[in-house]
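Shown next, in structure tokens, is the structure this report addresses.
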Number of protein chains: 2
Amino acid sequence: MKHKRLFSEIKADLTKVEKELDKLLAVDDPILSKTCVYLLQAGGKRMRPGFTLLSGRFFNYDFKKILPVAMAIELIHMATLVHDDVVDASLTRRGRPTLAAGWGNTVSVATGDFLFAKALEMIGKIDDPGVAKILADVSVEMCQGEIQQIWSAFDVKQNFKQYYYRIRRKTALLIGLSCRLGAMVSDGSLRHMWLLETYGHCLGIAFQIIDDILDIIADPDEMGKPVGGDIRQGIMTLPMIYALQSSGHRERLGQLLALKNKKEAQVQEVIHMIKNSDGIERSRTVVDKYINKALKHLEELPKIPAKKALRELAVFVGERSY
Amino acid sequence: MKHKRLFSEIKADLTKVEKELDKLLAVDDPILSKTCVYLLQAGGKRMRPGFTLLSGRFFNYDFKKILPVAMAIELIHMATLVHDDVVDASLTRRGRPTLAAGWGNTVSVATGDFLFAKALEMIGKIDDPGVAKILADVSVEMCQGEIQQIWSAFDVKQNFKQYYYRIRRKTALLIGLSCRLGAMVSDGSLRHMWLLETYGHCLGIAFQIIDDILDIIADPDEMGKPVGGDIRQGIMTLPMIYALQSSGHRERLGQLLALKNKKEAQVQEVIHMIKNSDGIERSRTVVDKYINKALKHLEELPKIPAKKALRELAVFVGERSY
């Protein structure tokens, strides 16, 4: 996969992170041993640890110091995904059944808790109370994002502010902090930490908007999950909010989006209406804006291979929506 | 309630813990503000913070240092209860509908995550990495206890070892650590920390066995939940394990206990068989053994009012099963 090449600069260390995750989650329990292996084998891009390692490269890079941070971040991310799949009742992720679909909600809740507890264990190994505080705060914010998603479901009156509130918490904050913390434990300056965090934050926003676009326009086989998931779950995304403003059929669109338990034909009708509005195009414009903002925040950083990798990653993320 | 009188020694500070919990969980979110208030008003005995404060009294008691520890422990406990009620599909707790019953599983998962994230936030405020490590480790162990409960459900071949493995993790470890950590942040000696932890651990074991006894013999109105919950959920408890050894109807009992989706008459038949075996009596003997062991570990501690309170608490816990 292309993103792997983009991480080639830190490939060896990223492989070590993966191995340490395997070791940490190899527990002597008949269920956890299976669910954790299942989750680890599902892969995922390990984007967040990748950002942490790359961000450390600009300063006093010390793998031993950065490792528990990268692992804690990935574990928080994994725990979140597992519980989100319970909350959203999602059946597939990355082309495979979700843990919730395969093992049921009870095992998923407990496995997610276990992953979060393991994150806490790793945080305990980080020799900097500032890092622990940041990871605690982001965990609280991520929960608040998830909760907002629950109570705002099927509410077609949602505005941009509410949308950004949610995707910041669900996605952007943690990616931004993956960058900041990599710099922080490598003695980066405040200015550089801020630049890297803003880079990651903007990339995270772009990444989530692209996910929201793909949920409407993607090829389900390529995505590894059916399209229209957000529509079924009542999650209002940027393309929908734009389409609700400008579609010639916005009244009908609003009625359908607000409908719980939509029929498959109704989901397809919604997809059709959004595709025929300017919702996708305008969302892509926003993606480009955030990708450019991300790139801009890299400019001031020292010219090292990690910088090229971060730049290419931003471009790569931006291209996912086409 | 009697246990409140038992905590009179530290009443003012326990009230402050409660107030700080109210403040910490007063968030600007339409769901979380309601779920958290609901959980806080449900009360609970705040036993764990009580043990932490009392244990600190033996040494250099400093409320400011002990507060975040007491809060983190109670938050971990609350998070666990909320997720356990999802996992166990329990409908009532402390005489009121569980969060899962009132708000549904999705809100409960997210609220539990939020409470755990808030615990992490409090742990960040504890100026001792040793404490953070202990709380991380116990969180992992508690998840393992919960997971074991899932995979061992309806398995009538369970032995005492498996039972103790589970109740140690589900209940006793955290109560033991509530005591240890109170001593630890108050500069208690290693010996004293160990004594207090063992006291709490034994009390926790006794407490859980009593819960398991009451689930069979209690008056549902006094309990605040229907009896037979463990039987319905297939959780093998000490009275059942004893009854399976000695009941005249042990074959029939084994068949019924292993049955998923029991009819109400079958649940009542199981209760009747256990009551008519020596399972309750032998379990009470074990309770007494642990209460005595708890009391024994107090003996060496300095004679201060907190010691009297801990002693009375142990006796109070022991009397719950009659």
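Just so it is clear: chains get the letters A, B, ... in the order the sequence lines come, proteins before strands, and each one is counted from 1. Just so we're clear, the structure is a prediction, and the values are computed from it rather than from any experiment. Because only heavy atoms are used, hydrogens play no part in the values below, and waters and symmetry mates are left out as well, while side chains stay in.
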| request: Assess whether atom NZ of Lys125(A) is packed by more than 12 heavy atoms of other residues, nucleotides or ligands within 6.0 Å. | output: no

| remark: OG1 (Thr106(A)) and CD1 (Ile147(B)) are apart, to the nearest 0.5 Å, by 8.5 Å

| query | Hey, what do you get for CD (Gln144(B)) to CG (Asp28(A)), rounding to the nearest 0.5 Å? | reply | 8.5 Å

| query | Given Asn105(B) and Val86(A), is the side-chain contact (heavy atoms from CB on, under 4.5 Å) satisfied, shown in steps? | reply | CA-CA 9 Å; Asn105(B) 283 348; Val86(A) 175; 5.6 Å; no

| note | Taking a cut-off of under 4.5 angstrom between non-hydrogen atoms, the residues of residues 128-140 of chain B near chain A are Leu135(B), Ala136(B), Asp137(B), Ser139(B), Val140(B)

| query | Rounded to the nearest 0.5 Å, how far apart are CD1 of Ile150(A) and CD1 of Ile31(B)? | reply | 5.5 Å

| message | Can you tell me which of Ile76(B), Val109(B), Val27(B) forms the most heavy-atom pairs within a distance under 4.5 Å of chain A? | response | Val109(B)

| said: Does atom CG (Asp127(B)) have a neighbourhood of more than 12 heavy atoms from anything else shown, all under 6.0 Å? | reply: no

| Is any residue of residues 111-119 of chain B within less than 4.5 Å of chain A by heavy atoms, and which ones? | Thr111(B), Asp113(B), Phe114(B), Phe116(B), Ala117(B), Lys118(B)

| query | Around Lys262(B), counting heavy atoms of other residues, nucleotides and ligands shown, do more than 12 lie under 6.0 Å from its NZ? | reply | yes

| remark: CD (Gln148(B)) and CG (Leu32(A)) are apart, to the nearest 0.5 Å, by 11.0 Å

